[in-house]
J.: 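The structure is given below, and queries will be raised subsequently.
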Amino acid sequence: MILEDLLFSFGAEIIHYEKNEILFREGDFPLYYFQIRKGSVKLNNYDEHGKEFIQHIASAGESFGESNLFIDQPYPVNALSIEKSIIIRSTKSGFLKLINTHPDILSNINQYLAERMYDTYIRLYNLSFQHSIDKLKLFLDYLKRPHNDTTLYSFQIPMTRQQLASLTGLCVETVIRTIKHMEKKEMVRIQNGKIFY
DNA sequence: TCATTAATTCGCC
DNA sequence: GGCGAATTAATGA
């Protein structure tokens with residue numbers, strides 16, 4: 001993430017989005033750098049039947065779409081706000097000018113992209129798992145990793161079963177059945193429908 | 001508070 | 001595992 005004032009001095013602007021607004025579409029040519037001040041944005045695709053696959057959910061403080069500014073390729077994903085959000089948006093030229101005059105920023109971006117790539121490897125490996133229980137367990141581990149407390153049931157999954165399904169490639173019913181099964185095995189706890197891991 | 005929409009769950013194939 | 005319907009939760013007027 002880049003200091004907001006620095007972005008503003010290179011012409012960035014603030015944009016407010018309501019829930020479910022499209023920031024860009026798959027196939028669009030990348031024109032901006034995006035950074036989230038408040039809210040969250042999902043990067044997704046839809047398969048031929050319209051089933052959603054979520055590649056990533058970016059939250060406050062995170063940037064997205066920046067890797068496409070370094071390559072001459074259209075976006076491979078859609079970006080949609082999943083809640084009311086405030087986004088800092090810089091044009092591609094403003095962003096490139098910024099990193100040219102502030103090369104130190106590049107190492108931050110590098111670090112961030114490296115972390116994202118690390119996540120991508122884990123998620124990709126995860127998708128190859130055969131059984132839904134293994135898929136969900138590894139995915140929950142992945143979610144809990146940044147959480148400082150590793151105690152059992154200390155982490156409330158901050159997303160809906162629908163979202164879990166779209167993130168793991170499973171269908172909602174399978175997520176519901178598997179989570180219940182995991183509860184029987186004392187791998188998770190369910191309280192008021194909320195999942196604790 | 002009531003109506004609408006989204007999410008969850010259940011029964012069945 | 002996935003469809004359709006029933007139930008429940010969330011959202012908004």
Side-chain angles (χ1 to χ4, degrees), chain A residues 14-28 34-62 64-65 75-89 116 119-147 149-197:
Chain A
I14 293 181
I15 302 187
H16 293 258
Y17 289 97
E18 295 302 314
K19 189 179 176 181
N20 284 328
E21 279 199 76
I22 297 172
L23 283 74
F24 57 76
R25 286 189 167 82
E26 179 182 352
D28 281 356
F34 296 91
Q35 181 167 302
I36 305 175
R37 173 189 281 182
K38 189 170 176 294
S40 49
V41 171
K42 66 181 174 187
L43 304 179
N44 71 5
N45 299 104
Y46 298 96
D47 74 7
E48 67 269 31
H49 305 295
K51 184 180 174 187
E52 179 186 30
F53 180 75
I54 301 178
Q55 301 270 3
H56 180 68
I57 294 180
S59 311
E62 289 186 70
F64 57 91
Y75 288 119
V77 292
N78 307 289
L80 281 89
S81 54
I82 56 181
E83 57 186 311
K84 201 174 157 76
S85 302
I86 303 174
I87 309 290
I88 316 294
R89 190 176 83 171
R116 288 286 307 285
D119 287 350
T120 301
Y121 283 136
I122 293 177
R123 300 254 349 258
L124 188 56
Y125 170 54
N126 192 180
L127 289 175
S128 72
F129 281 32
Q130 297 297 313
H131 305 293
S132 52
I133 192 161
D134 299 326
K135 262 193 186 178
L136 278 171
K137 177 168 188 322
L138 185 64
F139 187 72
L140 295 185
D141 282 335
Y142 163 81
L143 285 179
K144 192 175 178 174
R145 182 163 54 86
H147 183 68
D149 190 352
T150 56
T151 321
L152 192 61
Y153 309 140
S154 67
F155 180 61
Q156 182 183 339
I157 305 303
M159 48 185 66
T160 65
R161 287 156 178 73
Q162 193 82 247
Q163 287 176 317
L164 283 178
S166 296
L167 281 154
T168 53
L170 299 168
C171 67
V172 202
E173 293 93 331
T174 306
V175 170
I176 289 163
R177 287 163 186 154
T178 307
I179 293 290
K180 281 186 173 175
H181 186 216
M182 290 171 81
E183 187 187 28
K184 280 207 185 77
K185 291 189 141 192
E186 301 187 337
M187 293 166 74
V188 298
R189 180 181 289 166
I190 301 174
Q191 273 172 14
N192 302 321
K194 309 288 180 201
I195 305 165
F196 292 84
Y197 181 62

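Just so it is clear: chains get the letters A, B, ... in the order the sequence lines come, proteins before strands, and each one is counted from 1.
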J.: Does A:R161 make a side-chain N or O approach to OP1 or OP2 of B:dT9 shorter than 4.0 Å?
T.: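 For B:dT9, OP1 or OP2 has a side-chain N or O of A:R161 closer than 4.0 Å.
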J.: Could you tell me how far apart A:E83 (CD) and C:dA10 (P) are, to the nearest whole angstrom?
T.: 15 Å
J.: With A:H147, which of A:Y153, A:F155, A:Y142 fulfils ring pair (Phe, Tyr, Trp, His ring centres under 6.0 Å)?
T.: A:F155
J.: Assess, by modelled atom type and distance only, whether the side chains of A:S40 and A:S59 contain a donor and an acceptor separated by less than 3.5 Å.
T.: no
J.: Which whole-number value in Å describes the distance from A:Q163 CD to C:dA10 P?
T.: 14 Å
J.: Among C:dG1, B:dT9, B:dT8, which is the nearest nucleotide to the side chain of A:E173?
T.: B:dT9
J.: B:dT9, B:dG11, B:dT8: which one has an atom nearest the side-chain heavy atoms of A:K180?
T.: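 Of all the options, the side chain of A:K180 is nearest to B:dT9.
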J.: Take atom CZ of A:R177 and atom P of B:dT9, then tell me their distance rounded to the nearest Å.
T.: 11 Å
J.: Nearest to the A:Q162 side chain among B:dT9, B:dA7, C:dG1, which nucleotide is it?
T.: B:dA7
J.: What heavy-atom pair brings A:C171 and A:K51 nearest, and what distance separates the two atoms?
T.: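 That would be N-NZ, 4.2 Å.
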J.: In terms of ring plane angle, is the pair A:F24 and A:Y75 parallel, tilted or perpendicular, where the classes change at 30° and 60°?
T.: parallel
J.: For DNA chain C, whose closest nucleotide is more 5', that of A:K194 or that of A:T178?
T.: A:T178
J.: Just the rounded figure in Å: distance from P of B:dA7 to CG of A:L167.
T.: 13 Å
J.: Distance only, no hydrogens: is a donor on one side chain within 3.5 Å (strictly under) of an acceptor on the other, for A:Y46 and A:N44?
T.: yes
J.: Please assess A:E62 against A:H56 for the test side chain to side chain donor-acceptor pair (under 3.5 Å), listing each intermediate value before the final yes or no.
T.: CA-CA 11 Å; A:E62 289 186 70; A:H56 180 68; 3.2 Å; yes
J.: Whole Å only: how far is the NE2 atom of A:H131 from the P atom of C:dG1?
T.: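 Answer to the nearest Å: 10 Å.
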J.: What's the CD-C1' distance between A:E52 and B:dA6, to the nearest Å?
T.: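 The answer, rounded to whole Å, is 13 Å.
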J.: Below the 4.0 Å mark, does B:dA7 have OP1 or OP2 next to a side-chain nitrogen or oxygen of A:T160?
T.: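 A:T160 to B:dA7 OP1/OP2: no side-chain N or O under 4.0 Å.
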J.: Separation of A:N20 atom CG from B:dT4 atom P, in whole Å?
T.: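 A:N20 atom CG is separated from B:dT4 atom P by 20 Å.
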J.: Taking the nucleotide of DNA chain C with the closest heavy atom to each, which residue, A:C171 or A:K19, is nearer the 5' end?
T.: A:C171
J.: Which nucleotide in the set B:dA7, B:dG11, B:dT9 lies at the smallest distance from any side-chain heavy atom of A:I176?
T.: B:dT9
J.: Run A:D141 and A:R145 through salt bridge (Lys or Arg N to Asp or Glu O under 4.0 Å) and show every step you take.
T.: CA-CA 6 Å; A:D141 282 335; A:R145 182 163 54 86; over 6 Å; no
J.: Quantified as the angle between the terminal helix axes (five pairs each), what is the overall bend of the helix from B:dT1-C:dA13 to B:dC13-C:dG1 to 10 degrees?
T.: 10°
J.: Using atom CG of A:N192 as one end and atom C1' of B:dT8 as the other, report the distance to the nearest whole Å.
T.: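 Result: 14 Å.
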